[in-house]
Amino acid sequence: MANTYLTKTFSGAGNMDKWTFSAWVKKSDVGAYGTLFHAKTTGNTNFESLCITTGGNFDWEHYEYTSSSYKARLKTNRLFRDVNAFYHIMCVWDSANATAGDRMRLYVNGVEETSFATETNPTQNQDSIINGANAHNIGGSGTSLYLSGILSHVHFSDGYALAPTVFGETDATTGEWKIKTSPSFTLGTNGFTILKDGNTITDQSSNSNNFTLGGGTLTNTEDCPDNVFCTMNPLDNHFAGGTFSNGNNTVQTRNTGYSYNTSTMGVSTGKWYWEMKYASIDVGSGNQLMAGIAKSLTRGTEDHMGYRNTSYAYTSNGSIFNNNAGPSYGDTYAPNDIIGFALDLDNNKFYVSKNGTWQNSGVPTSGSTGTGATSITAPDASPSTDLGCYFVAVGDGNNGFQATVQYNFGAGFFGTTAISSEGTNASGIGKFEYDVPNGFTALSTKGLNE
């Protein structure tokens, strides 16, 4: 939702002493400010904001310019830096409460937050700015401070202090907090439910409190709290120096050095499929792109994919590079080509396709026979420096080369462009440009739990 925000001005004030806000958020840019919910009075004299700061703290602030002071504020010690997870954030304003510490309550994944870098409780019966007859924005302040990430299942209850169990519950098997996709709660006059099913900003409750798009573009992604998809990982970027965008599914390689970036999810068993569109050559020329898998993190700016025996790169010159050797494997590829990857860790085979055609006459469903496959070392047959699982990886092989690639792990987009046609998908998880081989599935939480 970067540079995108939603807006609505309520026709009248609701209960400004009591309300509940609930949303599920997956943050992409770790170092960027990101607004979840923001309200401001006419003339911007006062504001109230629920946001994640550039430092990674969650900050709920009620500020009045008229007195140049925070009238209420909770800023966490906890940092929100996980780019692979949806956080459930729930804020309860209950200023009529006799206990000062219960007038603002923040819950993260069902647990009340109690450790704060800043804690300023509102006075009893103090009005909030949220739920007034003023402008309310989701995903930004209205002019800036946009959220780089995904918001899903945004709910608001006017006049009620709700428990987090209204919107989520503990999974009996995993013990993890999970979403209730159809929560039942009392709305009140200004209550609403948006972004519940897809990217609709029409209120999906009975209230018709619809929002409008204030700026930017809304994308309907398959990535959601009920099925979290893999992305590339901006936290593994010390040597690689890649540039991330579009929910960390677009990566621009570095044009000095030739290291590689890895994905947020790693796998040690199972059969997995994903796609990558070669978007552009940005600096230099020639066949220098390297994309594939790695089971160890990079160790320096000159540690390119395939230099050691722990990574396998399908290079744009058509070879599979591993252990500093690159035997010919398939066709060369260039910008606008879509490369498909099939990783069979039940048989330790790796297959690559170009625009829907499996290279080297590969047959991903051939099992242990491995027709047309590259045989890879088992994830657990590794030296102590390895991680025991394979990650998706991408980089380049030249100091003066830079390229941009766009991954589709099943969310159904290359960058901001939806796939042009949807291939068959036997697992039913994710949307891909080309047919997914039978028995293979997407790198996502549902895929991992199959």
Side-chain angles (χ1 to χ4, degrees), residues 6-23 35-51 58-76 88-108 110-114 116 118-138 141-142 153-168 183-194 203 205-211:
L6 315 178
T7 187
K8 178 177 180 58
T9 299
F10 292 122
S11 58
N15 189 331
M16 297 169 72
D17 288 346
K18 187 179 292 186
W19 49 261
T20 299
F21 173 85
S22 171
T35 302
L36 276 66
F37 198 31
H38 183 278
K40 55 187 175 183
T41 56
T42 303
N44 295 335
T45 53
N46 306 309
F47 74 88
E48 187 166 353
S49 182
L50 316 178
C51 61
F58 187 85
D59 200 358
W60 176 2
E61 48 187 356
H62 175 128
Y63 187 82
E64 297 187 1
Y65 287 104
T66 49
S67 61
S68 299
S69 64
Y70 290 97
K71 296 299 183 181
R73 189 180 187 187
L74 295 179
K75 183 179 181 180
T76 64
H88 178 216
I89 305 293
M90 197 183 91
C91 298
V92 178
W93 178 277
D94 186 11
S95 64
N97 200 301
T99 303
D102 288 341
R103 293 173 193 158
M104 293 173 76
R105 281 171 287 169
L106 169 65
Y107 297 87
V108 180
V111 179
E112 185 169 4
E113 197 73 10
T114 58
F116 298 103
T118 301
E119 183 175 6
T120 303
N121 295 302
T123 58
Q124 193 167 20
N125 298 315
Q126 178 180 319
D127 284 348
S128 66
I129 298 170
I130 287 175
N131 209 19
N134 44 46
H136 290 69
N137 302 307
I138 291 174
S141 69
H153 285 256
V154 180
H155 304 285
F156 186 74
S157 175
D158 173 6
Y160 297 88
L162 303 178
T165 49
V166 171
F167 304 103
S184 176
F185 63 97
T186 305
L187 291 158
T189 302
N190 289 339
F192 60 82
T193 289
I194 61 170
D203 186 5
S205 75
S206 58
N207 267 2
S208 299
N209 283 321
N210 304 328
F211 278 71

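Counting begins at 1 with the first residue of the sequence.
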Write down the atom of W93, the atom of S128, and the distance for their closest heavy-atom approach.
CE2-CB, 3.5 Å

Hey, mind stepping through L36 and I89 against side-chain contact (heavy atoms from CB on, under 4.5 Å) and telling me if it holds?
CA-CA 9 Å; L36 276 66; I89 305 293; 4.1 Å; yes

Any chance you could measure N125, atom CG, to N97, atom CG, to the nearest 0.5 Å?
10.0 Å

Knowing that exactly one of F21, F167, W19 qualifies, which makes a ring pair (Phe, Tyr, Trp, His ring centres under 6.0 Å) with F156?
W19

Tell me if a side-chain donor or acceptor on T20 pairs with a main-chain N or O of V92 at a distance below 3.5 Å.
no

Flag, side chain of T7 to backbone of N137, donor-acceptor distance under 3.5 Å:
no

Of all heavy-atom pairs linking N207 and G191, the shortest is ND2-O, 2.9 Å

Partners of N121 by side chain to side chain donor-acceptor pair (under 3.5 Å), sequence neighbours excluded?
none

Hydrogens and angles aside, do S95 and D17 bring a side-chain donor and acceptor to less than 3.5 Å of each other?
yes

Ignoring hydrogens and angles, tell me if any N or O in the side chain of R73 forms a donor-acceptor pair with the backbone of Y70 under 3.5 Å.
no

Is there a side-chain contact between V154 and I138, using heavy atoms and a 4.5 Å cut-off?
yes

Is there a donor-acceptor contact under 3.5 Å from the side chain of S157 to the main chain of T186?
yes

When every non-hydrogen atom of M104 is compared with those of A72, the smallest separation belongs to SD-CB, 3.5 Å

For T41 and Y65, run side-chain contact (heavy atoms from CB on, under 4.5 Å): C-alpha distance rounded to whole Å, both residues' side-chain angles, the deciding distance at 0.1 Å, then the answer.
CA-CA 11 Å; T41 56; Y65 287 104; over 6 Å; no

Strictly under 6.0 Å, is that where the ring centroids of F192 and H155 end up?
no

To the nearest 0.5 Å, what is the distance between NZ (K18) and OH (Y160)?
9.5 Å

Has the side chain of S69 got a donor or acceptor atom that lies under 3.5 Å from a matching backbone atom of K71?
no

Heavy-atom closest pair (N209 atom, T189 atom, distance to 0.1 Å) is ND2-O, 3.1 Å

Quick one: list whatever passes side chain to side chain contact (heavy atoms under 4.5 Å, CB included) with T35, sequence neighbours left out.
Y33, H38, S49, C51, L145

Determine whether H62 and Q126 satisfy the following criterion, side-chain contact (heavy atoms from CB on, under 4.5 Å), listing intermediate values before the conclusion.
CA-CA 11 Å; H62 175 128; Q126 178 180 319; 3.7 Å; yes

Heavy-atom donor-acceptor pair, E113 side chain to L106 backbone, under 3.5 Å:
no

Taking atom NZ of K8 and atom CG of N134, what is their separation to the nearest 0.5 Å?
12.0 Å

With rounding to the nearest 0.5 Å, note down the distance linking CG in D59 to NZ in K75.
5.5 Å

Please lay out, stage by stage, how F47 and E61 fare under the test side-chain contact (heavy atoms from CB on, under 4.5 Å).
CA-CA 8 Å; F47 74 88; E61 48 187 356; 3.8 Å; yes

If we count only N and O atoms by modelled type, under 3.5 Å, do the side chains of S22 and H88 hold a donor and an acceptor together?
yes

Counting only N and O atoms by type, is there a donor-acceptor contact under 3.5 Å from the side chain of R103 to the main-chain atoms of P122?
yes

Can you sort out the partners of N131 under side chain to side chain donor-acceptor pair (under 3.5 Å), two or more places apart, ordered by chain and number?
D158, N190

Ignoring hydrogens and angles, tell me if any N or O in the side chain of E48 forms a donor-acceptor pair with the backbone of I129 under 3.5 Å.
yes

Tell me whether the centres of the aromatic rings in H136 and F37 are closer together than 6.0 Å.
yes

Looking at N210, is its backbone amide N or carbonyl O close enough to the side chain of D203 to form a donor-acceptor pair, meaning the two atoms are under 3.5 Å apart?
no

Does the E119 side chain pair with the main chain of F116, one donor and one acceptor, at a distance under 3.5 Å?
no

Over all heavy atoms of both residues, which pair between P183 and V166 is shortest? Give the atoms and the distance, please.
CB-O, 3.3 Å

How many angstroms lie between atom CG of D102 and atom CD of E112, to the nearest 0.5 angstrom?
6.5 Å

